[in-house]
S.K.: 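What follows is a single structure, and I will ask about it in a moment.
Below, read A as the first sequence line, B as the second, and so on, with proteins coming before strands; counting in each chain starts at 1.
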Protein chains: 2
Amino acid sequence: MNTATILSAIGRHISLTDDETAFFTSLLLPQRVRQGEMIEREGELTRCFIFVNAGCLMTYFTDKEDVDHVIQFATTGWWTGDLHSFTKQIPSIYTTKGLADSEVWLLPKASMEQLLERIPRFERYFRIIFQNSLITQQHRIIQSYSATADERYQQFREKYPSLEQYVPLKYIASYLGITPEFLSKVRRRLMEKS
Amino acid sequence: MNTATILSAIGRHISLTDDETAFFTSLLLPQRVRQGEMIEREGELTRCFIFVNAGCLMTYFTDKEDVDHVIQFATTGWWTGDLHSFTKQIPSIYTTKGLADSEVWLLPKASMEQLLERIPRFERYFRIIFQNSLITQQHRIIQSYSATADERYQQFREKYPSLEQYVPLKYIASYLGITPEFLSKVRRRLMEKS
DNA sequence: ATAGTTTATTGAACTAGGTTAAGACCGGCC
DNA sequence: GGCCGGTCTTAACCTAGTTCAATAAACTAT
């Protein structure tokens, strides 16, 4: 498992010396995640921030009626995990599992703190990552309130074409905030139109 | 208009020397916003990031059917504005206006960049701000998908009791993703119960 | 190959929330 | 004072999306 992907992702926002690169990579823990395997579990503390090196993960919330709600998919090049649990060290309300056999880099909380202290440019890096993520989440909220399920599905397909290969429809439905049955109807309507 | 509020908000996350404080405050532009006045408008570039010193603002999105969707309220101590427009310098899709006579500090984009360059600890400050905001938005998405309008309204009241004094019900309805008429029903049901 | 499990689809009955329209209330303002 | 524009509520009807139940198709594991 090599560091090319993660270093290039970071290189898009900040540049590092060779020493800094070496220090950073020394903090990373490689891990494999099999399809269906859970890497973080509801109720446990999130000890690591997760970078997807290959494959695909999803993070979901299980409500009081035991229904899962997908809050995020993450493919190659994305960070994921429960930020709330990670930063405050409280039990997570989310579960993260592999949608395909995947490889991830784990950055433990203590390592993250060392990293930010020793190379403050990483503050910048994560500031930019979180800022972009925030913009995306705001769009998602708007969409969920102003677009119909049909529109949301079409925009999802346009925005994340690469996900369709990994993600079962029922999880896409969940991500869109509808039932799998209704997604079926939506898909049918779209097929009939074209 | 004095800088005590904004400095204390920042002091909660990073500490500054007197020189740094002076430099930071020299970048801020004070502005008054009257109730109903728009401080950022859909279609225009967002030139400044906004800190609410007193009063209350709201940011909303107007959809193709001309319906407004409130995406954020901001009272004393909160940053607001359209991050997407601000960072990429593209026309904003949001409008921000005063819900009450308010005072804000404006931080122009160029000043923000100078600030981050000269005092990299501000990268840390904004990293933390965005990270917390991201956590909040994720909760909001979960809620919109897993809670009923009744539950969302009650949780809103618990979470932001201070907003009720400023915010007309129709905007609360919009924030919750329902119509004002339906919020009326919800409120009535709650009254009858207790 | 076969049985068992998970995923996707279909249709009928249902409900949370939307729409439309009307009236009550309230505050500003000439 | 009286009018006017905005806010809130009520009620009757409407619809996007849910629930439930049955079936088909696709994986998995023996």
S.K.: Please list, pair by pair, any protein nitrogen or oxygen found under 3.5 Å from a nitrogen or oxygen in nucleotides 5-7 of chain D.
M.R.:
| residue | atom | partner | partner atom | Å |
| --- | --- | --- | --- | --- |
| D:dT7 | OP2 | B:Lys170 | NZ | 2.4 |

S.K.: How is B:Gly177 classified with respect to the nucleic acid when contacts are heavy atoms under 4.0 Å: base, sugar-phosphate, or nothing?
M.R.: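 Since only primed, P, OP1 and OP2 atoms lie under 4.0 Å of B:Gly177, the category is sugar-phosphate.
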S.K.: Which whole-number value in Å describes the distance from A:Arg188 CZ to D:dA16 P?
M.R.: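 Those two atoms, CZ and P, are 17 Å apart.
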S.K.: Would you kindly give the CD-to-P distance between A:Gln35 and D:dT28, to the nearest whole Å?
M.R.: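 A:Gln35 atom CD is separated from D:dT28 atom P by 7 Å.
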S.K.: Could you tell me whether A:Glu20 and A:Arg121 have a side-chain N and a carboxylate O separated by less than 4.0 Å?
M.R.: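 The answer is yes: the pair qualifies as a salt bridge.
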S.K.: A:Leu99 has an atom CG; how far is it from atom P of C:dT6, in whole Å?
M.R.: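 Roughly 16 Å, once rounded to whole Å.
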S.K.: What is the separation between atom CD on B:Glu164 and atom C1' on D:dC8, rounded to the nearest whole Å?
M.R.: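 After rounding, the gap between these two atoms is 15 Å.
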S.K.: Would you mind telling me which residue lines up with the more 5' stretch of DNA chain D, A:Val186 or B:Val167, judged by nearest nucleotide?
M.R.: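 Result: B:Val167.
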S.K.: Quick one: closest heavy-atom pair of A:Arg140 and A:Val70, and the distance?
M.R.: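 Reported closest heavy-atom pair: NH2-O, 3.3 Å.
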S.K.: Does this structure show an ion pair linking B:Arg32 with B:Asp101, if we count only N-O contacts that are shorter than 4.0 Å?
M.R.: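 Looking at B:Asp101 together with B:Arg32, the answer is no, because their closest N to O distance does not fall below 4.0 Å.
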S.K.: Quick check for you: among D:dG17, C:dG17, D:dT9, whose closest atom lies nearest to any side-chain atom of B:Ser184?
M.R.: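 So the side chain of B:Ser184 is nearest to D:dT9.
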S.K.: Atom CG of B:Asp66 and atom P of C:dG18: how far apart are they, to the nearest Å?
M.R.: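 In whole Å, C:dG18 P lies 18 Å from B:Asp66 CG.
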S.K.: Does A:Lys97 pair with A:Glu37 as a salt bridge, N-O distance under 4.0 Å?
M.R.: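 Salt bridge: no.
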S.K.: In whole Å, what is the span from the CD1 atom of A:Ile178 to the P atom of D:dA16?
M.R.: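 Result: 13 Å.
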S.K.: Any donor-acceptor pair under 3.5 Å linking the side chain of A:Thr59 with the backbone of A:Ile71?
M.R.: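 Not at all, since once roles are kept as given, no pair shorter than 3.5 Å links the two residues.
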S.K.: Is there a path of hydrophobic side-chain contacts, each under 4.5 Å between heavy atoms, that joins A:Val186 and A:Tyr171?
M.R.: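 Same cluster: A:Val186 reaches A:Tyr171 through Ile, Leu, Val, Met, Phe, Trp or Tyr contacts under 4.5 Å.
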S.K.: If you restrict it to nitrogen or oxygen atoms, what contacts under 3.5 Å exist between nucleotides 19-30 of chain C and the protein, and what is each distance?
M.R.:
none

S.K.: Between C:dA8 atom C1' and A:Arg187 atom CZ, what is the distance in whole Å?
M.R.: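 Whole-Å distance recorded here is 8 Å.
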S.K.: Can you list the residues that meet the ring-ring contact (aromatic ring centres under 6.0 Å, His included) rule with A:Phe23, with sequence neighbours excluded?
M.R.: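 If we apply the ring-ring contact (aromatic ring centres under 6.0 Å, His included) test to A:Phe23, skipping adjacent residues, there are no hits.
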S.K.: Which atom pair, heavy atoms only, marks the closest approach of A:Lys109 to A:Phe86?
M.R.: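 Scanning both residues completely, I find the closest heavy atoms to be CD-O, 3.2 Å.
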S.K.: Looking only at side chains, do A:Asp82 and A:Ser92 share a donor and an acceptor under 3.5 Å apart?
M.R.: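 On atom types as modelled, these side chains qualify, holding a pair under 3.5 Å.
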S.K.: Measure from CZ on B:Arg189 to P on D:dT9 and round the result to the nearest Å.
M.R.: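 Interatomic distance, CZ of B:Arg189 to P of D:dT9: 13 Å.
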